[in-house]
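One structure is given below, encoded as structure tokens.
The figures here come from the full heavy-atom set of this structure, side chains too, leaving out hydrogens, waters and symmetry mates.
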Amino acid sequence: MSTITRLKPGPRMSEAVVHNGIVYLAGQVGSPGDSVPQQTRAILAEIDALLALAGSDKTRILKAQIWLADIADFAEMNAVWDAWVPQGHTPARATGEAKLATPDYKVEIIVTAAVA
């Protein structure tokens with residue numbers, strides 16, 4: 001039986017789960033009410049921290065799923081994403097529009113990465 005490691009577990013969910021050399025991050029959001037670029041920067045910083053905690057980093061992201069409350073914010077979010085994601089290590093990615101947990105959230109990002 002392989003080990004499952006839960007990082008930052010809470011009563012409802014863990015922020016990340018590591019299994020068989022893969023880390024699965026929960027959806028990350030920024031501070032409610034911040035702008036799209038501010039929320040995106042905060043989310044990516046948290047992703048960096050969680051990946052480091054799991055023994056991985058952004059060069060090892062396999063897949064990213066991005067939800068925007070308003071798809072009209074796609075370019076603003078991408079400007080921050082493009083500055084953060086390492087060229088030559090871009091993951092498979094999908095972006096869609098969805099109602100998020102509260103109207104104050106504008107961006108949510110979920111990633112799956114290989115553990116180093």
remark   = d(L68 CG, I109 CD1) to nearest 0.5 Å is 8.0 Å
ask   = Measuring from L25:CG to L7:CG, what's the distance to the nearest 0.5 Å?
value = 8.5 Å
key: Non-neighbouring partners of E97 that pass salt bridge (Lys or Arg N to Asp or Glu O under 4.0 Å), sequence neighbours left out   = none
query = If you look only at pairs with a residue in residues 82-110, which of them pass as a ring-ring contact (aromatic ring centres under 6.0 Å, His included), with sequence neighbours excluded?
reply = W81-W84
ask   = What distance separates T40 OG1 from I47 CD1, expressed to the nearest 0.5 Å?
value = 9.5 Å
message = Which heavy atom of A114 sits nearest to which heavy atom of I22, and what is that distance?
response = CA-CD1, 4.3 Å
key: CA sep, side-chain torsions, deciding dist, call: V85, K58, side-chain contact (heavy atoms from CB on, under 4.5 Å)   = CA-CA 7 Å; V85 71; K58 63 186 171 185; over 6 Å; no
inquiry  = Rounded at 0.5 Å granularity, tell me how far CD in E46 sits from CG in L51.
reply    = 10.0 Å
ask   = Applying side-chain hydrogen bond (donor to acceptor under 3.5 Å, both in side chains), which residue pairs with at least one partner in residues 60-77 are found, sequence neighbours left out?
value = none
ask   = If every non-hydrogen atom of P91 is compared with every non-hydrogen atom of I61, which pair is closest and at what distance?
value = CB-O, 3.4 Å
inquiry  = Testing the basics here: between V29 and V107, what is the closest heavy-atom pair and its distance to 0.1 Å?
reply    = CG1-O, 3.6 Å
key: Cluster overlap I71 with M77, hydrophobic side-chain contacts below 4.5 Å   = yes
query = How would you list, by chain and number, every residue that makes a side chain to side chain donor-acceptor pair (under 3.5 Å) with R6, sequence neighbours excluded?
reply = none
ILVMFWY network linking L53 to I110, side-chain heavy atoms under 4.5 angstrom = no
remark   = Closest non-hydrogen atoms of V23 and A16, given as atom of the first, atom of the second and distance, are CG2-CB, 4.0 Å
key: Residues that D57 engages under side chain to side chain donor-acceptor pair (under 3.5 Å), provided they are two or more places apart   = T59
task = Indicate the atoms forming the closest heavy-atom contact of I43 with G30, along with that distance.
result = CG1-N, 3.5 Å
ask   = Can L100 be reached from I66 by stepping across I, L, V, M, F, W or Y side chains whose heavy atoms are under 4.5 Å apart?
value = no
key: Of all pairs that satisfy side-chain hydrogen bond (donor to acceptor under 3.5 Å, both in side chains), the ones with a partner from residues 12-32, not counting sequence neighbours   = S2-H19, S2-N20, E15-Q28
remark   = Correct closest heavy-atom pair for V115 and A54 would be CG1-O, 3.4 Å
